[in-house]
Q: 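Take this structure, written in structure tokens, and hold onto it; I'll ask about it next.
In the text below, chain A, chain B and the rest are named by the order of the sequence lines, each starting its count at 1. The model shown is predicted, which means the values in this text are computed figures rather than measured ones.
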2 protein chains.
Amino acid sequence: MKISDVAAQSGLSIDTLRFYEKIGLIDPPPRDGAGRRDYDPQVLGWIRFLDQLNATGMKQADRIRYARLRAEGPQTCAQRREMLEAHREQVALQLEQVKNTLALMDRKVALYRDMEQEMIENV
Amino acid sequence: MKISDVAAQSGLSIDTLRFYEKIGLIDPPPRDGAGRRDYDPQVLGWIRFLDQLNATGMKQADRIRYARLRAEGPQTCAQRREMLEAHREQVALQLEQVKNTLALMDRKVALYRDMEQEMIENV
DNA sequence: GCTTGAGCTGGAGTGTACTCCAGCCCGTAA
DNA sequence: TTACGGGCTGGAGTACACTCCAGCTCAAGC
């Protein structure tokens with residue numbers, strides 16, 4: 001796959017893909033005869049996972065650390081598992097917080113509706 | 001309340017409190033005889049709400065817009081409600097994503113455990 | 001065979017959200 | 001009465017995560 005295809009299918013920009021490669025989040029792909037990156041489509045799954053870690057607030061530095069362990073091969077399973085378990089706890093807390101905020105916003109919206117209603121009645 | 005008390009109880013730093021005031025997220029509190037900020041404890045509730053908007057990904061610019069509407073008084077209820085409803089949708093999507101990621105991480109952790117077990121057996 | 005477009009590199013620039021600092025003032029405790 | 005500790009201001013600095021740019025190469029279509 002060309003870099004433009006990966007960009008289109010992953011939602012990352014071409015610049016971001018190269019940036020991720022530079023900082024070690026994505027393995028440098030092989031190059032074609034003209035020196036252009038030629039990605040294995042499997043990279044899409046990895047990018048999706050990186051996005052999910054990102055969206056749940058994992059820091060770049062930690063994602064890089066995870067990516068490096070992953071690149072080292074199966075002997076780093078235990079460390080990767082520990083990282084995921086630690087992040088899992090963060091995400092679980094986040095889930096509670098997001099639920100609370102959702103409920104709070106629903107209450108506030110209802111409150112504002114009441115206030116609007118009252119203002120109409122008091123004309 | 002002194003600024004140090006608000007900082008201690010809100011979890012924000014003193015610098016951040018002054019910064020929030022500067023950009024319009026927090027109303028400028030009255031000053032004591034020596035020119036020091038003297039906060040109404042109610043600000044704590046407002047800061048907690050700001051934190052929740054923050055933690056659910058609302059942009060600074062939008063939080064400022066909301067704060068400005070709030071400062072304008074009850075006639076801005078409808079606009080604030082609209083903002084909250086829009087953000088509510090974002091948060092609901094986020095909730096789904098966080099749930100998915102949590103499930104994915106659980107699967108991955110289980111997978112890594114299996115792999116570790118297998119590596120032990122294959123010694 | 002020349003133009004066009006995609007991709008390449010290294011490095012500079014951007015936006016967001018703080019965070020820190022110098023140099024000042026003021027009120028309380030020793 | 002002087003030495004602290006806490007607070008003040010305006011402005012500079014930082015961290016993170018991209019994003020953009022100049023100037024180049026290469027391959028393919030006309």
Q: Check for a donor-acceptor pair, side chain of B/Ser10 on one end and backbone N or O of B/Val6 on the other, with a separation under 3.5 Å.
A: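 Checked: pair present.
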Q: Just jot down the ring pair (Phe, Tyr, Trp, His ring centres under 6.0 Å) partners of B/Tyr112, sequence neighbours excluded, or say none.
A: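 Result, ring pair (Phe, Tyr, Trp, His ring centres under 6.0 Å) vs B/Tyr112: none returned.
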Q: Tell me: CG of A/Asp38 to C1' of C/dA6, nearest whole Å?
A: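 Checked: the CG to C1' distance equals 14 Å.
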Q: Compile the donor-acceptor pairs under 3.5 Å between side chains in residues 34-41 of chain B and protein atoms, sequence neighbours left out, one pair per line.
A:
residue: B/Arg36; atom: NE; partner: B/Asp32; partner atom: OD2; Å: 3.3
residue: B/Arg37; atom: NE; partner: B/Glu21; partner atom: OE1; Å: 2.7
residue: B/Asp38; atom: OD1; partner: B/Met1; partner atom: N; Å: 3.1
residue: B/Asp40; atom: OD1; partner: B/Gln42; partner atom: N; Å: 2.8

Q: If you count heavy atoms of other groups shown closer than 6.0 angstrom to CZ of B/Arg65, is the number above 12?
A: no
Q: Where along residues 43-63 of chain B does a heavy atom come under 4.0 Å from DNA chain D, residue by residue in number order?
A: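 By residue number: none to list.
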Q: From CZ of A/Phe19 over to C1' of C/dT9, roughly how many Å is that when rounded to an integer?
A: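 Taking atom C1' of C/dT9 as the reference, CZ of A/Phe19 is at 16 Å.
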Q: Among residues at least two apart in sequence or on other chains, which ones pass salt bridge (Lys or Arg N to Asp or Glu O under 4.0 Å) with B/Lys59?
A: none
Q: In the structure I gave you, are the side-chain heavy atoms of B/Arg81 and A/Leu111 within less than 4.5 Å of one another anywhere?
A: no
Q: Salt-bridge test for A/Glu85 and B/Lys108: reply yes if a basic N is under 4.0 Å from a carboxylate O, no otherwise.
A: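 A salt bridge is absent here (no side-chain N lies under 4.0 Å from a carboxylate O).
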Q: Between C/dG7 atom P and A/Glu21 atom CD, what is the distance in whole Å?
A: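 Rounding to the nearest Å, CD of A/Glu21 and P of C/dG7 are 14 Å apart.
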Q: Salt bridge between A/Arg48 and A/Asp51, side-chain N to carboxylate O under 4.0 Å?
A: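 The answer is no: the pair does not qualify as a salt bridge.
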Q: Quick one: how far along DNA chain D does chain A reach, first to last nucleotide 5' to 3', anything under 4.0 Å to a heavy atom?
A: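 Footprint of chain A along DNA chain D, 5' to 3': D/dA17 to D/dA27.
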Q: Between B/Leu25 and B/Arg18, which has a closest nucleotide on DNA chain C that is more 5'?
A: B/Leu25
Q: Is any side-chain nitrogen or oxygen of B/Tyr20 closer than 4.0 Å to OP1 or OP2 of C/dC18?
A: yes
Q: So A/Leu84 and A/Arg80, do their side chains get closer than 4.5 Å, heavy atoms only?
A: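 Contact flag for A/Arg80/A/Leu84 side chains = no.
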Q: Can you list the steps and then say if B/Met105 with B/Thr101 is a side chain to side chain contact (heavy atoms under 4.5 Å, CB included)?
A: CA-CA 6 Å; B/Met105 299 208 339; B/Thr101 303; 4.1 Å; yes
Q: Polar atoms only, N or O, under 3.5 Å: list the protein pairs with nucleotides 24-29 of chain C and their distances.
A:
none

Q: By the 4.0 Å heavy-atom rule, please label A/Ile23 as base, sugar-phosphate, or nothing.
A: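 The answer is nothing, as A/Ile23 stays clear of every strand by at least 4.0 Å.
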Q: Is a side-chain N or O of A/Thr76 found less than 3.5 angstrom from the main chain of A/Glu72, in a donor-acceptor match?
A: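 Side chain of A/Thr76 to backbone of A/Glu72, a donor-acceptor pair under 3.5 Å: no, none is there.
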